[in-house]
2 protein chains.
Amino acid sequence: MIGGKYKSLILWKLMTETTLRFSQLQKEIPTATPKMLTQQLRELEANGLIHRHVYPVVPPKVEYSLTNFGKSIRPVLESMYIWGSDYLNNQGLQVNCSMTAITDPQ
Amino acid sequence: MIGGKYKSLILWKLMTETTLRFSQLQKEIPTATPKMLTQQLRELEANGLIHRHVYPVVPPKVEYSLTNFGKSIRPVLESMYIWGSDYLNNQGLQVNCSMTAITDPQ
DNA sequence: CTGCATCCTTGACGATACTG
DNA sequence: CAGTATCGTCAAGGATGCAG
């Protein structure tokens with residue numbers, strides 16, 4: 001369920017923003033191609049973690065938000081974030097909250 | 001750093017057992033081939049999460065244990081375990097603490 | 001703007017056999 | 001007992017182009 005490369009980051013962004021458009025997610029996660037972003041968003045939706053709201057307008061507008069089930073994993077992501085922050089601080093590094101900081105550099 | 005398929009499970013086993021031999025880990029994680037188990041153990045060691053103690057005896061005896069750094073991720077694994085358990089309970093399922101329960105069935 | 005279709009590369013992982 | 005060596009597969013992910 002959390003197998004994808006960007007899923008945890010998507011969820012993390014949605015934790016703090018409550019609602020995000022597709023283009024906003026692209027800016028937040030520039031390393032993810034549109035294809036991958038779409039794919040992982042659909043999988044998160046299929047697993048009931050996020051909700052996809054399509055506005056029937058031109059140009060298209062789609063907003064993503066967490067479901068209650070999605071919100072339930074907040075403690076997990078928080079503990080991961082805390083652990084990662086502590087680790088970086090011990091290394092004398094800054095937490096920049098981007099891909100390179102939250103995810104694994106290895 | 002936690003990219004491998006069995007790493008979180010290895011760490012989890014070491015959390016409760018404090019020290020485990022290679023053969024014990026094989027029994028605990030039967031789906032992992034010796035090759036994969038070795039590989040992931042070496043990576044965890046390289047990342048400073050576990051310690052590998054080799055006894056110079058015949059037949060060989062190797063024990064694995066958590067380093068202090070490895071112990072520091074306990075809160076992360078615990079929150080994941082709690083979240084997973086809650087989810088399974090809501091589904092009316094039992095927690096069996098094996099691969100299929102802790103990791104993602106998807 | 002928000003995707004989908006297609007092709008391609010890569011490396012994680014599995015299977016099997018062998019060893020000090 | 002605790003691995004190593006080799007080969008093979010397969011699917012995740014990237015690049016690019018097109019579309020409603």
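Below, chains carry the letters A, B, ... as their sequence lines are ordered, and counting in each starts from 1. Everything numeric here is computed off the predicted structure, so don't read it as measured data.
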Could you state the [atom1]-[atom2] distance from [X] to [N], rounded to the nearest angstrom?
{"X": "I29(B)", "N": "dG14(C)", "atom1": "CD1", "atom2": "P", "value": "12 Å"}
{"X": "L37(A)", "N": "dC4(C)", "atom1": "CG", "atom2": "C1'", "value": "14 Å"}
{"X": "K35(B)", "N": "dC18(C)", "atom1": "NZ", "atom2": "C1'", "value": "15 Å"}
{"X": "Y6(B)", "N": "dA12(C)", "atom1": "OH", "atom2": "P", "value": "14 Å"}
{"X": "Q40(B)", "N": "dT4(D)", "atom1": "CD", "atom2": "P", "value": "14 Å"}
{"X": "L25(A)", "N": "dG3(C)", "atom1": "CG", "atom2": "C1'", "value": "13 Å"}
{"X": "L9(B)", "N": "dC13(C)", "atom1": "CG", "atom2": "P", "value": "13 Å"}
{"X": "M36(A)", "N": "dC7(C)", "atom1": "CE", "atom2": "C1'", "value": "15 Å"}

Parallel, tilted or perpendicular: ring planes of W83(B) versus Y87(B), cut at 30 and 60 degrees
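Ring orientation, 0 to 90° scale: parallel.
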
What is the ring orientation for Y64(B) with F22(B), classed by angle as parallel under 30°, tilted 30 to 60°, or perpendicular over 60°?
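Answer is tilted, since the angle falls between 30° and 60°.
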
Go through the steps for T18(B) and S65(B) under the test side-chain contact (heavy atoms from CB on, under 4.5 Å), then give the verdict.
CA-CA 6 Å; T18(B) 71; S65(B) 58; over 6 Å; no

For the pair K13(B) and E28(B), evaluate salt bridge (charged side-chain N to carboxylate O under 4.0 Å, His left out) and give the outcome as yes or no after the intermediate values.
CA-CA 8 Å; K13(B) 297 297 184 186; E28(B) 299 267 13; 3.2 Å; yes

Which of Q40(A), Q39(A), E45(A) passes side chain to side chain contact (heavy atoms under 4.5 Å, CB included) with E43(A)? Answer is Q39(A)

Testing L49(B), L66(B), L41(B) one by one against I10(B) for a side chain to side chain contact (heavy atoms under 4.5 Å, CB included), which residue passes?
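The passing option is L41(B).
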
Extract from the structure each pairing of a protein N or O with an N or O of nucleotides 1-3 of chain D at less than 3.5 Å, listing the distance.
unit_1 : atom_1 : unit_2 : atom_2 : d
dC1(D) : O3'    : R21(B) : NH2    : 3.1
dC1(D) : O3'    : P60(B) : O      : 3.1
dA2(D) : OP1    : R21(B) : NE     : 3.0
dA2(D) : OP1    : R21(B) : NH2    : 2.9
dA2(D) : OP1    : V62(B) : N      : 3.3
dA2(D) : OP2    : S23(B) : N      : 2.9
dA2(D) : OP2    : S23(B) : OG     : 2.9
dG3(D) : OP1    : R42(B) : NH2    : 2.6
dG3(D) : OP1    : R52(B) : NH2    : 2.4
dG3(D) : OP2    : Y64(B) : OH     : 2.7

Same hydrophobic cluster for L11(A) and F69(A), using side-chain heavy-atom links shorter than 4.5 Å among ILVMFWY?
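Result: yes, single cluster for both.
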
Spacing of L20(A) atom CG and I29(A) atom CD1 [to the nearest 0.5 Å]
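These two atoms lie 9.0 Å from each other.
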
Which is it for T31(B) and Y6(B) under the side-chain contact (heavy atoms from CB on, under 4.5 Å) test, yes or no, and what are the steps along the way?
CA-CA 9 Å; T31(B) 54; Y6(B) 306 109; 3.7 Å; yes

Between the two end axes of the helix from dC1(C)-dG20(D) to dG20(C)-dC1(D), each built from 5 base pairs, what angle do you get to the nearest 10°?
60°

